[in-house]
Number of protein chains: 2
Amino acid sequence: MATYSIGEVSKQMGLSVEAIRYYDREGLLPFVKRDSGGRRQFTEDNIQLMQMIMGLKRAGVPIKDIAYFVSWRLDGDDSLGERYDFLNAHEKVLEDEIASLEKSLAYLRFKKWYYKTAKAAGTEKIHLKAGTTQVDPSTYAEYDQLLKEGHSAKSLGDD
Amino acid sequence: MATYSIGEVSKQMGLSVEAIRYYDREGLLPFVKRDSGGRRQFTEDNIQLMQMIMGLKRAGVPIKDIAYFVSWRLDGDDSLGERYDFLNAHEKVLEDEIASLEKSLAYLRFKKWYYKTAKAAGTEKIHLKAGTTQVDPSTYAEYDQLLKEGHSAKSLGDD
DNA sequence: CTACACCCTGTAGTTAGCTACAGCTCAAGC
DNA sequence: GCTTGAGCTGTAGCTAACTACAGGGTGTAG
């Protein structure tokens, strides 16, 4: 069965060699065997597992939590319930995070429209209560109106 | 005009006093004046601005970048273009991040379905190529089929 | 047989975004 | 006029997720 060195895996997966060793130290790769000289030998199998692990990492799961997940794997079918619960909990975290980012994006698009129109007018004053740096309520009202008229938030801010 | 102490602002905005001082040190609050004893005095105006800044922070904008944005504000209307470009660039970052998280979420939901069905069968083996820890292609095919039949990814993984 | 690429461990350093003192000042209440 | 609470600065410490050596081993090619 073909095996791969840490350097090969590094290139294949786009991770630094140091990062892979770090993941190993943190308990993410307990399934990786060593050769007689103490070097890590990665099998196809191992690499597929690592891809799963990187999937969790991309999903924002902390490395310590992934280590738990991986250790459950070693317990075999007994831990199927724990693993399901773990993913379920993290699904919620991800959903919440996406929702929060969507809100931030909406806010950012409002601000884009705000600066686009200010720039067109040559001054930010058109949006401010006279003599302050506070945004005038009519600015928000105008934006809401435009959204109601069917303009998308994305298009409103675009130049 | 009413002003607020750092402690009041801390409670009002749900930030620690230390965090606010940290933001000030990093150049996020150059507009905050001091009283004769050197204490920060926040106006209503200041607080609205801070809320805008926290909006950018929630959107994942690094504190150093926000400091640039804030410093442009001090340049007045001359910097409206820069500020628009800044928000535009960050809109793209946010969009990409959301897209990436959506992909992760889809993956996580597949895994939930995978463990839900494995648990129901009592063993993960139903999804693996015999004798390996590699997922059998038929598992992916089955999941894709279910999605095609109109089941939502969210519902498929739910218990 | 020796150079060289690549691997190893262990330890130290880095960045972001805070948190936690230590030691001091100041204003208000009793 | 003294205590108390809140504020100040400056510096040190913390966590996550790496990165960067230093010092040493290994296996293959010429």
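Note that these values count all heavy atoms, side chains included, but never hydrogens, waters or copies made by symmetry. Sequence lines set the chain letters: A, B, ... in the order given, protein chains first and strands last, and positions in each chain run from 1.
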Assess the side chains of Asn46(B) and Thr43(B): does a donor N or O sit below 3.5 Å from an acceptor N or O?
yes

Got Lys154(B) and Glu95(A) here, is their nearest side-chain heavy-atom distance under 4.5 Å?
yes

Between Leu29(B) and Ile20(B), is a side-chain contact (heavy atoms from CB on, under 4.5 Å) present by the stated rule, with each step listed?
CA-CA 9 Å; Leu29(B) 314 175; Ile20(B) 297 174; 3.9 Å; yes

Side chains of Phe110(A) and Asp144(A): does their closest heavy-atom pair fall under 4.5 Å?
no

Whole-Å distance between dT19(D) C1' and Tyr23(A) OH?
12 Å

Pairwise distance CG(Leu28(B)) to CE(Met50(B)) - rounded to 0.5 angstrom:
8.5 Å

So Phe31(B) and Thr133(A), do their side chains get closer than 4.5 Å, heavy atoms only?
no

For the pair made of CG in Leu56(B) and P in dA16(C), what is the distance, rounded to whole Å?
17 Å

Only Watson-Crick and G-U wobble pairs with both distances less than 3.5 Å should count. Give DNA chain D in dot-bracket notation, marking inter-strand partners with |.
||||||||||||||||||||||||||||||

Aromatic plane relationship, Phe86(A) with Phe69(A) - under 30° parallel, 30 to 60° tilted, over 60° perpendicular
tilted

Could you pull out the protein-nucleic contacts involving nucleotides 9-12 of chain C (nitrogen or oxygen on both sides, under 3.5 Å)?
| unit_1 | atom_1 | unit_2 | atom_2 | d |
| --- | --- | --- | --- | --- |
| dT9(C) | OP1 | Arg34(A) | NH1 | 3.1 |
| dT9(C) | OP1 | Arg34(A) | NH2 | 3.1 |
| dT9(C) | OP2 | Arg40(A) | NH1 | 3.4 |
| dT9(C) | OP2 | Arg40(A) | NH2 | 3.0 |

I'd like to check Ile6(A) versus Arg39(A) (side-chain heavy atoms, cut-off strictly below 4.5 Å). Are they in contact?
no

Atom-to-atom span, CG of Leu28(B) to P of dA16(C) - whole angstrom:
13 Å

Which pairs, protein N/O on one side and nucleotides 25-30 of chain C N/O on the other, fall under 3.5 Å?
| unit_1 | atom_1 | unit_2 | atom_2 | d |
| --- | --- | --- | --- | --- |
| dC26(C) | O2 | Arg39(B) | NH2 | 3.2 |

What's the separation between atom CD in Glu124(A) and atom CG in Asp77(B), rounded to the nearest 0.5 Å?
6.5 Å

Nearest-Å distance, CD1 (Ile63(A)) to C1' (dT15(D))?
12 Å

Are any of the side-chain heavy atoms of Arg83(B) and Leu87(B) separated by less than 4.5 Å?
no

Please state how far atom CG in Leu15(A) lies from atom P in dC18(D), giving the value in whole angstrom units.
8 Å

Please state whether the phosphate of dG7(D), meaning OP1 or OP2, lies under 4.0 angstrom from any side-chain nitrogen or oxygen of Ser5(B).
yes

Salt-bridged, Lys112(B) to Asp159(B), with N to O below 4.0 Å?
no

Closest nucleotide of DNA chain C for Lys64(B) versus for Ser16(B): which of these residues is on the 5' side?
Lys64(B)

Is it true that the NZ or CZ of Lys111(A) lies under 6.0 Å from the centre of Tyr114(A)'s six-membered ring and within 45 degrees of the ring axis?
yes

Expressed as a whole number of angstroms, how long is the span from Asp65(A):CG to dT15(D):C1'?
14 Å

Are OP1 or OP2 of dC18(D) and a side-chain N or O of Lys57(A) less than 4.0 angstrom apart?
yes

How long is the line joining CD of Gln41(A) and P of dG27(D), in whole Å?
11 Å

Among the candidates dA17(D), dG7(D), dT19(C), find the nucleotide nearest to the side-chain atoms of Ile6(B).
dG7(D)

Tyr22(B) OH to dT15(D) C1', in whole Å, measures 14 Å

